[in-house]
Amino acid sequence: MFSVSDTIAAIATPPGRGGIGIVRLSGPDAHAIARRLITHAAPLEPRRATLTHVVSARLKPGPTYGAPTYEAPPPADEHAAHRFSGAAETSASRDPIDQAVVTFFPAPHSYTGDDVVELSAHGSPVVLHAMVAAAIDAGARLAEPGEFTLRAFINGRIDLTQAEAVRDLIDAATPLQARAAFDQLNGTLTRAIADIDAALFDLIARLEASVDFPDEGYHFLAPDDVAAAIDGLLDRTRALLAGARRGRLIREGLQVAIVGAPNVGKSSLFNALVGSGRAIVTDIPGTTRDLVTDVVDIDGLRVTLVDTAGLCDARDPVEAEGIARSHRAVAVADLVLVVEDRSTPRPLGFAGALQGKVLYVANKSDLAPAWTDDGRVAVSARTGAGLEELRTRIAAALDADNQRDRPALTNVRHIALIERAQNALARARAGGSMPEEFVLADLAEARAALEEVSGRRATEDVLAHIFEHFCIGK
Ligand SMILES: Nc1nc2c(ncn2[C@@H]2O[C@H](COP(=O)(O)OP(=O)(O)O)[C@@H](O)[C@H]2O)c(=O)[nH]1
Ligand SMILES: [Mg+2]
């Protein structure tokens, strides 16, 4: 299904106009095809930027229809765009397309591991489509989405987690997402999995030897050694999965709910953190009756902030519904901010009933305090005092298990497979008194799951599914 024997071409820069636009060629004929598209006469020197002119492909002489000109802008649809090559097909001349900088990256030292040529021209869709059309006339094929990265994977330049990291990096919406994707691209997850896989391979080899030579009267491994080795492997998969919470946090962002008694300034605090007047603020208790949410960036974390009606007793049915919603918001929140009013005597707290992570906030620090705060974050939603400290404390509370040296598992495919490996290892561990063949079967399953993460054993369906979500040209 996946071919690497032909040469593919695509626009590598985003749709639309820009300073520079790049057309990329990859495959055995990349250099030959590029030379048909440029006026530079000599072969291209490896990795040297060469300024030249790009022209429509040189073709067999044929009837000429009028003077060489640019065609009308191609249709937006990619495939239709590549039928737009009528003039080149029938013209013996080579129409100028643009001036470009051409760089040749010979295999294997290129993005894909194939011969690659990049043509950097002016970032005009008309010019770039004409260049791709010329490349196709000269023998290239239009690349499928993600096909350059797929080739890098097939050629062994990167493993599957790194290929997925390329897509995640391009799709990253926050600096933290980009950072996690870049770590993965750099191979942190690849190495962690390879380490586990190597230990697993060693254990399997020694167990198999014990099975194969049962008459030697010698066991290559004592049962205790097997158990200890499996425990070591379980520790490692557990450590990887511990990074999954942080991964979810990076991938999906978090929910932070603001609760507290009426009038303590929940809505004011919400507005101050969001930086707008989204929530209605009054001195009439019970003003907020429904959840108000907004997404904010708190120290690089994507946080959905929820202003609630509080968790007090309701005075009417509408407020009762608002309070019911508040309870639901609190139940799913990753962190709850309990706001209290420091300028009035403290009411009885309800926070004891809250489960999970809680951060106490003493609001209205601009007024004379009625009680001293004991380790609470003192803020004034009115003046903005203490908000920076609050942001830092929120980020710390959410990202407490932040461990930068450990791969953050951001990808649900990876999490599911590592859980499968972990379950298989746990079965192998539980089956200590079982014949070695059964233990071996479980270990083999753990290994298969790990190899599916790195792509050594991924099926074509899995690969097709992953790469179809890439953009064309990557
Ligand atoms: N002085 C002072 N007043 C505040 C502060 N935050 C809120 N308020 C006032 O407290 C009242 C209730 O605020 P609101 O945000 O509606 O409280 P909520 O019921 O908890 O949502 C309003 O009159 C606000 O102007 C603050 O930091 N300092
Ligand atoms: Mg309110």
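Whatever order the structure lists ligands and atoms in, that order sets their numbers, starting from 1.
Thr237 OG1 to Arg420 CZ: the interatomic distance, rounded to the nearest 0.5 Å, is 14.0 Å. Rounding to the nearest 0.5 Å places CG of Leu200 at 6.0 Å from CG of Leu425. If you take CD1 on Ile154 and OG1 on Thr112, they are separated by 10.5 Å, rounding to the nearest 0.5 Å. In this structure, the separation between CD1 on Ile258 and CZ on Phe270 is 6.5 Å, given to the nearest 0.5 Å.
Listed by number with element, the atoms of ligand 1 under 4.0 angstrom from any heavy atom of Ser268 are 6 (N), 7 (C), 13 (O), 14 (P), 15 (O), 24 (C). Near Leu367, with a cut-off below 4.0 Å to any heavy atom, the atoms of ligand 1 are 1 (N). The distance from ligand 1 to the heavy atoms of Asp366 drops below 4.0 Å at these ligand atoms: 1 (N), 2 (C), 26 (C), 27 (O), 28 (N). Each of the atoms 15 (O), 18 (P), 21 (O) of ligand 1 lies under 4.0 Å from some heavy atom of Ser267.
The closest heavy-atom contact to atom 6 (N) of ligand 1, among the options Leu269, Asn363, Ile258, Asp307, comes from Asn363.
For Thr308, there are no side chain to side chain donor-acceptor pair (under 3.5 Å) partners at least two apart in sequence or on another chain. Not counting sequence neighbours, the partners of His327 by the side chain to side chain contact (heavy atoms under 4.5 Å, CB included) test are Leu311, Ile323.
For Pro262, no nitrogen or oxygen atom sits less than 3.5 Å from a nitrogen or oxygen atom of ligand 1, counting backbone and side chain alike. Polar contact with ligand 1: absent for Val379 (N/O pair, distance under 3.5 Å).
Of the protein's non-hydrogen atoms, Arg382 NH2, 2.9 Å is the one closest to atom 25 (O) of ligand 1.
Note: His469 and His465 have perpendicular aromatic rings, judged against thresholds of 30 and 60 degrees for the angle between ring planes.
In summary, Thr308 places no N/O/S atom under 2.8 Å from the Mg ion (ligand 2), failing the contact criterion.
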